[in-house]
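To start, the structure itself, in structure tokens.
Only a predicted model underlies this, so the values are computations on that prediction, with no experimental measurement involved.
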Amino acid sequence: MHLRRAFGFGNTSEFDPFLLLDDFRNDVPDDYLAGFPWHPHRGIETITYVLAGTVEHGDSLGNRGAIASGDVQWMTAGSGIIHQEMPKGDPAGQMHGFQLWGNLPSNLKMTPPRYQEVKAPDIPEVTDDDGTHVRIVCGSFWGKKGPVDGVAAEPVYLDVSIAPGRRKKLPVETTRHAFAYVFAGSGKFCNASAPLSVPTEGVGWLDTAPPSEADNRSLVVFDRGDEVEVQAGADGIRFLLVSGKPLNEPVAWYGPIVMNTQKQLQEAFEELEKGTFLKK
């Protein structure tokens with residue numbers, strides 16, 4: 001399946017507790033219909049958020065279903081699961097969504113696997129006086145709480161839209177790692193660090209020139225602070241705003257399995273070969 005990887009498979013420390021973010025956006029069915037056939041996971045959680053089209057899924061626990069536009073699936077792989085995810089476009093052939101991987105702490109790596117599937121109408125939305133619109137997938141924000149719970153990293157996962165020309169401050173806890181992924185419009189972010197080159201000084205940041213402009217498919221990682229400040233461009237801006245509590249644990253990662261040591265990783269793949277991978 002053709003997709004864009006915003007981050008992943010490198011040094012995960014600045015994104016901890018998150019490991020990977022994929023943007024699967026395409027209007028050419030031949031590029032996405034191959035999907036993600038049966039494959040294993042252990043030691044992580046995967047969060048799939050669909051904006052267009054549907055994703056049909058099935059797993060070794062016997063779960064079957066589909067998530068459509070605006071829906072979210074939060075899968076805790078824990079001790080191990082084998083599943084598949086097969087995208088189907090909308091009537092226009094468009095497919096768009098995101099998959100985020102969250103790491104599990106060492107004491108929950110072997111927790112029983114589970115699913116949380118949330119339909120679009122069950123995701124709370126809030127609109128501020130200036131037109132700023134936020135869908136709250138997970139965590140608490142502006143007095144509302146998202147439907148996904150019991151997640152190890154205690155993440156906040158928001159879909160934020162800011163009207164053209166508006167300047168907005170959004171609260172983020174100081175102990176968290178936070179990033180924004182822009183997928184529509186453009187804007188400027190204050191107090192952001194690499195990989196996007198954005199000034200880290202609050203004074204005069206509105207006067208900066210590109211590359212401080214964060215546009216479609218831009219990733220912005222924030223310095224520690226208690227808020228994120230963004231100035232929307234002429235077409236407004238829409239982005240995922242995600243934050244989580246760092247685990248600060250060693251990461252041993254190969255393909256779809258993430259453990260804390262190389263020995264644990266080797267054991268997992270040996271169990272796959274022996275047929276003893278699934279614990280439930």
Would V228 and F179 count as a side chain to side chain contact (heavy atoms under 4.5 Å, CB included) if you check the C-alpha gap in whole Å, the side-chain angles of each, and the deciding distance to 0.1 Å?
CA-CA 10 Å; V228 168; F179 68 86; over 6 Å; no
In this structure, CH2 of W101 is separated from CD of Q99 (nearest 0.5 Å) by 7.0 Å
H39 meets the ring-ring contact (aromatic ring centres under 6.0 Å, His included) criterion, sequence neighbours left out, with H41, H83
- Query: Between the main-chain N or O of V221 and the side-chain N or O of E14, is there a donor-acceptor pair closer than 3.5 Å?
  - Reply: no
d(W253 CH2, Q262 CD) to nearest 0.5 Å is 13.0 Å
Residues pairing under ring pair (Phe, Tyr, Trp, His ring centres under 6.0 Å) where one sits in residues 106-156, two or more places apart or in two chains, turn out to be H57-Y115
K245 meets the salt bridge (charged side-chain N to carboxylate O under 4.0 Å, His left out) criterion, sequence neighbours left out, with E154
- Query: Distance-only, no hydrogens or angles: does the D130 side chain make a donor-acceptor pair with backbone N or O of T132 under 3.5 Å?
  - Reply: yes
Of all heavy-atom pairs linking A232 and I162, the shortest is CB-CG2, 3.8 Å
Students should find that the hydrophobic cluster of L104, defined by side-chain heavy atoms under 4.5 Å apart, otherwise consists of L108
Residue pairs meeting salt bridge (charged side-chain N to carboxylate O under 4.0 Å, His left out), one or both in residues 51-74, sequence neighbours left out, come to D71-K119
Salt bridge (charged side-chain N to carboxylate O under 4.0 Å, His left out) pairs touching residues 43-54, sequence neighbours excluded, are none
P147 meets the side chain to side chain contact (heavy atoms under 4.5 Å, CB included) criterion, sequence neighbours left out, with V118, I123, P124
In this structure, CZ of R114 is separated from CG of N63 (nearest 0.5 Å) by 12.5 Å
Item checked: Residues V172, D226; criterion side chain to side chain contact (heavy atoms under 4.5 Å, CB included); working and verdict -> CA-CA 5 Å; V172 175; D226 57 5; over 6 Å; no
Those residues at least two apart in sequence (or on a different chain) that pass side chain to side chain contact (heavy atoms under 4.5 Å, CB included) with E267 are K263
*Would you mind reporting whether L51 and R238 have side-chain heavy atoms less than 4.5 Å apart?*
yes
Taking every heavy atom of P40 against every heavy atom of L272, the minimum-distance pair comes out as CG-CD1, 3.8 Å
In this structure, CD1 of I81 is separated from OG1 of T46 (nearest 0.5 Å) by 8.5 Å
Hits for side chain to side chain contact (heavy atoms under 4.5 Å, CB included) against S69, two or more places apart or cross-chain, chain-then-number order -> none
| message | I want to check something: taking the side chain as every heavy atom from C-beta on, are V55 and Q73 in contact at a cut-off of under 4.5 Å? | response | no
Taken to the nearest 0.5 Å, the spacing of L21 CG from L219 CG works out to 7.0 Å
Are S140 and V156 side-chain neighbours, meaning at least one heavy-atom pair lies under 4.5 Å?
no
| query | Quick one: does S60's side chain have a donor or acceptor within less than 3.5 Å of a partner on I82's backbone? | reply | yes
Note: S79 and P112 closest approach over all heavy atoms is OG-CA, 4.4 Å
Between E125 and K144 the two heavy atoms that sit nearest each other are O-NZ, 3.2 Å
May I ask you to decide if N248's main-chain N or O and D16's side chain share a donor-acceptor pair within less than 3.5 Å?
-> yes
Using side-chain heavy atoms (C-beta onward) and a distance below 4.5 Å, is L158 in contact with L240? no
Q: Please examine the side chains of I67 and V72, heavy atoms only from C-beta on, and report whether any two atoms are closer than 4.5 Å.
A: no
Is any side-chain heavy atom of F15 closer than 4.5 Å to a side-chain heavy atom of V242?
no
Residue set satisfying side-chain hydrogen bond (donor to acceptor under 3.5 Å, both in side chains) with D235, at least two apart, ordered chain then number -> none
SB check K168 E229 (cutoff 4.0 Å)
no
Exercise. Taking atom types as modelled and ignoring hydrogens, do the side chains of Y49 and R135 form a donor-acceptor contact shorter than 3.5 angstrom?
Worked result: yes
Within the 3.5 Å criterion, strictly below it, is a donor on E270 or Q266 matched to an acceptor on the partner's side chain? yes
_Treating R42 as the side-chain partner and L265 as the backbone partner, does any N or O pair qualify as donor plus acceptor under 3.5 Å?_
no
- Salt-bridge contact E271-K274 (side-chain N to carboxylate O under 4.0 Å): no
> Should L19 and I44 count as side-chain neighbours, where that means a heavy-atom distance under 4.5 Å?
Replying inline: yes
Cluster link V251 to L247, ILVMFWY, side chain under 4.5 Å | no
Separation between NZ (K169) and CD (E227), nearest 0.5 Å, reads 4.5 Å
Residues N260 and K109: closest non-hydrogen pair is OD1-CE, 3.7 Å
Looking only at heavy atoms, the pair that brings T54 and M95 closest together is O-SD, 3.6 Å
If you apply the rule side chain to side chain contact (heavy atoms under 4.5 Å, CB included), what do you find for V258 with N103, and how did you get there?
CA-CA 8 Å; V258 184; N103 201 5; 3.8 Å; yes
Those residues at least two apart in sequence (or on a different chain) that pass side chain to side chain contact (heavy atoms under 4.5 Å, CB included) with P155 are F18, W74, C138, V151, A153
Hits for ring-ring contact (aromatic ring centres under 6.0 Å, His included) against F239, two or more places apart or cross-chain, chain-then-number order -> F189
Check whether any side-chain N or O of D22 sits under 3.5 Å from a backbone N or O of F98 as a donor-acceptor pair, and report yes or no.
-> no
Can you tell if the side chain of F7 reaches within under 4.5 Å of the side chain of T12, non-hydrogen atoms only?
-> no
